[in-house]
J.: 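My structure is below; once you've seen it, I'll send some questions.
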Amino acid sequence: MPSYNALLDVPNYPADRYASLADRLKRLLATEADLLFIQAEAILALEAVAASIARPGLTAINIITSPYGTYFSAWLRRGGVTVHDVVAEPGQPIELVAVKAAINDLPSLDILAVVHGEAANGALNPIAEIAALARARDALVVVDAVASVGAHPLAIDSLGVDIVAIGPQKALGGPVGLSAVTVSERAWAHIAATPRFSPSILSLLDLKENWLDRGRGVLPGTPPPLDFWALEAAVDRVEAEGIDRLVARHQLAARASRAGLRALGIEPWIRDDHAASALVTAAPVPEGIDAEVLIATAAEFGIALGRGFGDIKDRLVRFDHTGARAAFASVIASVVGYGAALGKLGITVDVGAAAEAVALTYALAIL
């Protein structure tokens with residue numbers, strides 16, 4: 001008989017714990033909306049949202065600040081929605097004035113979709129203001145908070161957001177293979193008016209009928225027990241720390257990273273501090289430097305820099321300070337490693353001043 005293996009011989013996740021786990025996530029998100037587990041990474045959750053709300057005759061504004069927004073636009077169009085894309089400058093957050101103009105140009109608006117915080121480029125969109133503009137037109141508000149949850153405040157109900165997709169693998173420090181969607185009563189009414197396309201893994205209505213309406217017992221399909229045990233452990237850790245402290249820890253990591261960059265003599269990719277995500281800090285790739293060479297040089301110092309994503313992949317690198325990495329040791333290592341790599345490649349920087357700036361930011365912080 002094979003010997004026991006903790007990764008292969010995982011006990012089933014108890015059926016009576018799914019509902020409790022969902023309720024704990026809802027409390028972290030400050031929402032009374034229904035929460036559905038999606039048994040896949042968050043890209044499937046986002047596609048399921050688009051498929052479940054899209055139908056011919058609807059008009060949507062889709063805000064694009066990374067390739068993920070482009071995907072969502074394509075999924076809505078596939079369902080027959082007339083989509084008006086509002087596209088930010090490459091790698092930058094959206095300008096609120098552009099959203100206002102797009103909304104004002106339309107005689108009616110049914111859906112507005114936006115990403116909250118971008119891990120792809122470090123941008124942060126003004127979610128509260130955008131949601132208020134959409135609700136003033138009685139539009140369904142859809143937010144991709146896959147990356148931002150746990151790093152930025154996200155009080156779903158008070159913002160008036162109808163559908164939110166989240167992923168636990170970033171700031172929450174959980175597994176990659178699961179995601180979740182919150183759905184308001186108003187959103188369910190919208191979904192109910194959309195032609196059925198079940199059975200489908202993309203149907204939120206199928207999930208509602210097969211799980212919510214049956215008392216939230218065992219999930220349909222074959223739930224991955226290891227992922228659910230990991231998600232529960234992540235929620236345990238978040239609750240022990242406190243969601244407010246978790247958010248504050250990510251905000252501090254971002255402030256310290258940006259202070260370190262400026263002390264190096266480098267302006268962050270997102271110049272406006274209020275428009276910068278607390279998930280990653282994007283730093284520019286100086287003119288004349290190849291992004292791959294910069295990343296490889298940083299690796300020589302033991303530092304893993306992330307490459308940009310999409311149309312800015314060669315123009316920036318990212319310091320990842322999500323989850324456990326939202327801490328002094330990770331932040332100072334990223335800043336100093338980036339600076340040391342630049343210095344080795346012939347760019348004049350002040351690594352000592354950068355390290356001092358990061359340390360001072362942490363020393364003055366009150367968490």
Side-chain angles (χ1 to χ4, degrees), residues 29-31 33-34 42-43 45-89 92-118 120 123-149 152-166 181-194 202 204 275 277:
L29 296 168
T31 183
D34 291 324
I43 196 72
L46 291 168
E47 186 171 0
V49 168
S52 297
I53 65 175
R55 63 178 184 266
L58 298 182
T59 299
I61 284 177
N62 183 57
I63 296 168
I64 298 179
T65 50
S66 78
Y68 296 107
T70 304
Y71 302 158
F72 201 80
S73 182
W75 296 328
L76 288 177
R77 286 191 173 94
R78 184 180 64 193
V81 179
T82 299
V83 182
H84 300 267
D85 290 328
V86 183
V87 184
E89 292 295 318
Q92 296 295 318
I94 199 66
E95 294 286 346
L96 195 59
V97 64
V99 180
K100 289 180 179 177
I103 291 175
N104 291 337
D105 283 346
L106 296 175
S108 64
L109 180 63
D110 301 295
I111 299 166
L112 184 142
V114 60
V115 176
H116 186 194
E118 296 280 12
L124 179 69
N125 289 314
I127 193 70
E129 293 85 351
I130 291 171
L133 290 171
R135 289 306 296 266
R137 294 294 299 273
D138 200 33
L140 199 71
V141 184
V142 180
V143 174
D144 172 351
V146 169
S148 64
V149 61
H152 292 277
L154 184 65
I156 292 173
D157 292 357
S158 63
L159 288 174
V161 174
D162 295 293
I163 299 179
V164 177
I166 68 166
V181 175
T182 66
V183 186
S184 70
E185 290 185 11
R186 208 166 74 101
W188 281 129
H190 176 103
I191 291 170
T194 302
L202 297 177
L204 296 183
S277 167

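Both backbone and side-chain heavy atoms feed into the values below; hydrogens, waters and symmetry mates do not. Along the sequence shown, residues carry numbers from 1.
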J.: Check D105 with K100, please: is the shortest side-chain N to carboxylate O separation under 4.0 Å?
T.: no

J.: Please give me the minimum heavy-atom distance between L124 and S277, naming the atom from each residue.
T.: CB-N, 3.8 Å

J.: So with a 6.0 Å cut-off around CD of E129, is the heavy-atom count from everything else above 12?
T.: yes

J.: Show the nearest heavy-atom pair for residues L112 and A134, with the distance to one decimal.
T.: CB-CB, 3.9 Å

J.: What is the minimum heavy-atom distance between A30 and A155, and which atoms define it?
T.: CB-CA, 4.2 Å

J.: For the side chain of R135 and the backbone of G160, is there at least one donor-acceptor N/O pair under 3.5 Å apart?
T.: yes

J.: If you measure from CG on L29 to CG on L154, what distance do you get to the nearest 0.5 Å?
T.: 6.5 Å

J.: Side-chain contact, heavy-atom cut-off 4.5 Å: F72 with D144?
T.: no

J.: Over all heavy atoms of both residues, which pair between A145 and V164 is shortest? Give the atoms and the distance, please.
T.: CB-CG1, 3.7 Å

J.: Tell me, do I53 and I163 make a side-chain contact under 4.5 Å, heavy atoms counted?
T.: yes

J.: Which residues pass the salt bridge (charged side-chain N to carboxylate O under 4.0 Å, His left out) test with R137, not counting sequence neighbours?
T.: none

J.: What is the distance from atom CG of L46 to atom CG of L202, rounded to the nearest 0.5 Å?
T.: 11.5 Å

J.: Is there a side-chain contact between L109 and I103 in this structure, where contact means two heavy atoms from C-beta onward sitting under 4.5 Å apart?
T.: yes

J.: In Å and rounded to the nearest 0.5 Å, what is the OG to CG distance from S184 to D157?
T.: 8.5 Å

J.: Side chain of D162, backbone of L140: donor and acceptor closer than 3.5 Å?
T.: no

J.: Less than 3.5 Å apart, which donor and acceptor atoms pair up between the side chains of residues 57-67 and the rest of the protein, not counting sequence neighbours?
T.:
| residue | atom | partner | partner atom | Å |
| --- | --- | --- | --- | --- |
| N62 | ND2 | G69 | O | 2.7 |
| T65 | OG1 | E118 | OE2 | 2.6 |
| T65 | OG1 | N125 | ND2 | 3.1 |
| S66 | OG | Y68 | N | 3.2 |
| S66 | OG | E118 | OE1 | 2.9 |
| S66 | OG | E118 | OE2 | 3.0 |

J.: Is the backbone N or O of V49 less than 3.5 Å from a side-chain atom of S52, with the two atoms forming a donor-acceptor pair by type?
T.: no

J.: Heavy atoms, side chains only, cut-off 4.5 Å: are V114 and V143 in contact?
T.: yes

J.: Output a table of donor-acceptor pairs, distance under 3.5 Å, between side-chain atoms of residues 77-84 and any protein atom two or more places apart or on a different chain; print 'none' if there are none.
T.:
| residue | atom | partner | partner atom | Å |
| --- | --- | --- | --- | --- |
| R77 | NH1 | S73 | OG | 2.4 |
| R77 | NH1 | D85 | OD2 | 3.3 |
| R77 | NH2 | V83 | O | 3.0 |
| R77 | NH2 | D85 | OD2 | 3.3 |
| R78 | NH1 | E47 | OE2 | 3.1 |
| R78 | NH2 | E47 | OE2 | 3.0 |

J.: Using every non-hydrogen atom in the two residues, find where A123 and P93 come nearest and quote the distance to one decimal.
T.: CB-N, 3.6 Å

J.: Specify the closest pair of heavy atoms between D138 and R186, including all atoms of both residues, with the distance to one decimal.
T.: OD1-NH1, 3.0 Å

J.: For the atom pair NE2 (H190) and CZ (R55), what is the distance rounded to the nearest 0.5 Å?
T.: 4.5 Å

J.: Given side chain to side chain contact (heavy atoms under 4.5 Å, CB included), test V146 with I166 step by step and report yes or no.
T.: CA-CA 4 Å; V146 169; I166 68 166; 5.8 Å; no

